[in-house]
Each structure stands twice: as C-alpha cells, then as structure tokens.
Amino acid sequence: MGLNGADESGDPDRASGVGPVANDRRGKSRREFLLVLGGGGVLGALYLATSGAIKDQGAKVVHKLQKILPRPAKTLPAVPLDPAQGIPGLSKLITPNIDFYRIDVADNIPVIDINTWTLKITGMVKNPLTLTYSDLLKRPLFELDDTLSCVSNPVGGIYIGNARWLGCRLDDLIRETEPLDGADQILSTSEDGFSAGFPLASLDGRDAMIAVGMNGEVLPLVNGYPARIVVPGLYGYVSATKWLTNIELTRFDQKQGYWISRGWSQLAPVKIESRIDTPVNGSKVAPGEQFIAGVAWAPNAGVKEVQVQINGGRWLTANLGPKLSGTAWRQWWINWSATTGTYKIAVKAISATGEVQTPVVKDVLPDGAQGWHTIEVEV
Ligand SMILES: Nc1nc2c(c(=O)[nH]1)N[C@H]1C(S)=C(S)[C@@H](COP(=O)(O)O)O[C@H]1N2
Ligand SMILES: [Mo]
C-alpha cells in the first residue's frame, strides 16, 4: 500500500462524504483530465502528454512544456537524492503529480479557457487588479517546496503530499492593491464555487504564492489549473484555492470561506505530525533487518528530530532525510532487527523550535487531527 498516495485506487473508503475531504476521487481524476482537455489546444496537448496516459509522446511535449512555463527568477537547488530509493515503502521526498491526493467539492473539473481567464483582486483595496494568465507568467516566479495537507487527514492518513511549486509571490500582489485599513482576510474563490479565507496577517514574509506549476509541469488540471494559491503552513481548505478566479480583501466578520459555516475552524495552521509508512499497520513482516520509516512535518520551522518507540521502550532517534524547507515534510527511518513477536510502534516529531508532537488524540474536526501514529505489526 502506498502511503504516499501510490495507491491508485483513490481509496474511496476514506472519503467521509462530509468535510473538506468530501470529493476525493483521485482514482478517477486522470481520466477526467483527458476528457476535459481532449482537443483543447496547445495546453490541452501538453496535459494529455504529461498525464502519463500517452507515453510515447512524452519527450516531445515535455519540450514544449518548458517553453510554456517560464524559468523562475529564483530557483531552488536540485532536489537531493531521495532516501526513499533505498527504503521500500517510504514516501518519496517529492510526491509525483500522478500520486498527489486530490480533494475538492467540484462536481466536474472546471473547463477554463486560458485566453479569457482572469484573476481579479478586489474588495477592500485601493487599486483593484485584473491579471491574465500571461500577466501572471511575466511576474518574477520562484520555487517553493511545500507540503500540502488536508485538515481531514487523520493521523497516519494519506491526504498529504509534498511538491515543488512554481508561482509568483502573493504578498507582492496584495501590496500592489493597497489593502484598506480594516481588511483582515484574504478570501479566494474559484470556478467551482469553493472559497477559502485566511488572515491577511499570514502574509508575514512566508513564501505564499499563486502557483502555476507543480513539480516541473504546468499545474495539473486536478490540482487547479491554471492557477491556485499555496500558503505554507496552512491547511488547504482555508488557503489552497484551485481554479482560482478571484481574491477579495475582506473582513472575517463579514465573509467566511466555504467550510467555515460547515463546522470547520476559521484559523487553520497545520499541526505538527508524523506518520509511519512502513511497516504497514496490521501487517505481518518477516524477521530480520528492515526499516521502520515514514514522514514528519512541523510547519513553519520544520522537523528537528523524529523519535520512534517500540513496545513502550525507550525512544529511539531516527535518521532524517533532507530538509527542503520549513514547511516541507521530512523523511525519517530507523533500522530494525525484527525478531518474532508482536510489536506496537509509535512515532513522534519535534520541531526546530522545540515543539513536541502531542500524544493527546484529537479528531480532524474542527482544525486538524493530532496524536501519535501508532501501528501494530506481527513478525
Ligand atoms: N476550487 C477548489 N479549491 C480547493 C478545494 C475545493 O474544493 N475547490 N479544496 C481545498 C482542500 S480542502 C484541499 S485539502 C486542497 C487539496 O488540493 P489538491 O487536490 O491539489 O491535493 O485544495 C483546496 N482547494
Ligand atoms: Mo482539505
């Protein structure tokens, strides 16, 4: 089972039907993608090819794609060697687009004509802005390694992924609109009627962006093409609007995002968490040398340490994978000489600011799950 979303079935059992996880249809998404963009011009052709469905044309079209996504003004170093290559079952450092979880309330993926699409920034501002797709691409673009997580991700769950996003700075854009005194919320809306609001104060220098690219591809249709918001450190339902069309500067006491009236918290910083990817909970493993491994995240400072406990013993310090950014997950692993028996394995993360992941269990409602991921395995 691929905890990093490699489970292509889309795991519909996990979709609760309520909450920000209501429309998880990962398994179907690529097919829809083909339908929507079939014959849809240059970008359509790009999508067809990069979806992986038309493999033979891949090389040719990737070449075109690089022309369409401009080079960033600021690039990140190349992604380092992925420890997952040597650790079966461990989530990849960067989640491939095809494996990235999908969550939204869209009945159908919005069909957006890139030639008429605009992003408007309106509301409590002195200078409202309207940007076309090419206006966006002309702005200085930068790369951001950021783990996007759903508030509905249970402890140990799969509604989380790590990507290298490409986009322009959101704070610069908002500054250009000159927000009026009293505006305290950035409320974004999309083609599908979704909306998400987060505090204006969250633009505190962090690398919030309007993303147009994801892992070297034009933003995939299911992940919000042509543009979406990514705000490091906030859950998707308050920030990460896909198929973005409008950003409104407003007040929390006047307007609320889609999920707020449905019982979810207005403020939604991502909680420190960690997950065991391998061994799989409830599985039987052969005795001998193996890995206990997974991922951990601790926005905004990042993970400093991960500890693993086997059958209530002393906490063992895990090896850590590369730190891409403060809000990107970090892989961890320990070597384990498994001998016959039944084992209970727990994990906890410690952030760079010394915050220790709490054992106190909380459900996903209203502002995200917490607690230690604990699994049981038989050797
Ligand atoms: N337009 C739109 N954007 C949306 C949503 C939605 O329902 N509609 N859901 C949000 C939620 S709850 C999450 S967790 C993320 C998921 O992003 P992904 O599908 O790219 O993983 O998108 C966010 N953006
Ligand atoms: Mo979500």
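Position 1 is the first residue of the sequence, and the numbers go up from there. First listed ligand is number 1; within each ligand, the first listed atom is number 1.
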Can you classify the ring geometry of Trp165 versus Phe100 as parallel (below 30°), tilted (30 to 60°) or perpendicular (above 60°)?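 Perpendicular, since the angle between the ring planes exceeds 60°.
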
Using distance alone, decide if ligand 1 has a nitrogen or oxygen within less than 3.5 Å of any nitrogen or oxygen in [X].
{"X": "Ser190", "result": "yes"}
{"X": "Arg102", "result": "no"}
{"X": "Arg228", "result": "yes"}
{"X": "Tyr237", "result": "no"}
{"X": "Asn223", "result": "yes"}
{"X": "Asp192", "result": "yes"}
{"X": "Phe100", "result": "no"}
{"X": "Cys150", "result": "no"}
{"X": "Val222", "result": "no"}

Ring centroids only, cut at 6.0 angstrom: are Trp315 and Trp372 within range, meaning strictly under it?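 Ring centres of Trp372 and Trp315 closer than 6.0 Å.
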
Out of Val303, Leu324, Leu93, which one pairs with Arg330 under the side-chain contact (heavy atoms from CB on, under 4.5 Å) rule?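 Testing Arg330 for a side-chain contact (heavy atoms from CB on, under 4.5 Å) against Val303, Leu324, Leu93 leaves exactly one candidate, Val303.
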
Is it true that the side chains of Thr327 and Asp146 contain a donor and an acceptor less than 3.5 Å apart? yes

Please say whether the positively charged group of Arg262, taken as NZ for Lys or CZ for Arg, lies over the ring of Tyr258, i.e. under 6.0 angstrom from the six-membered ring centre and within 45 degrees of the axis. yes

Residues Ser261, Gln256; criterion side chain to side chain donor-acceptor pair (under 3.5 Å); working and verdict: CA-CA 7 Å; Ser261 63; Gln256 306 272 317; over 6 Å; no

Checking contacts here: is it the side chain or the backbone of Tyr101 that comes within 4.0 Å of ligand 1, counting heavy atoms only? Could be both or neither.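 Tyr101 to ligand 1: contacts from backbone and side chain alike.
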
Tell me whether Ala240 reaches ligand 1 (any heavy atom closer than 4.0 angstrom to a ligand atom). yes

Before giving the answer on salt bridge (charged side-chain N to carboxylate O under 4.0 Å, His left out), spell out for Arg164 and Asp145 the whole-Å C-alpha distance, their side-chain angles and the decisive distance to 0.1 Å. CA-CA 4 Å; Arg164 177 162 286 189; Asp145 290 335; 2.8 Å; yes

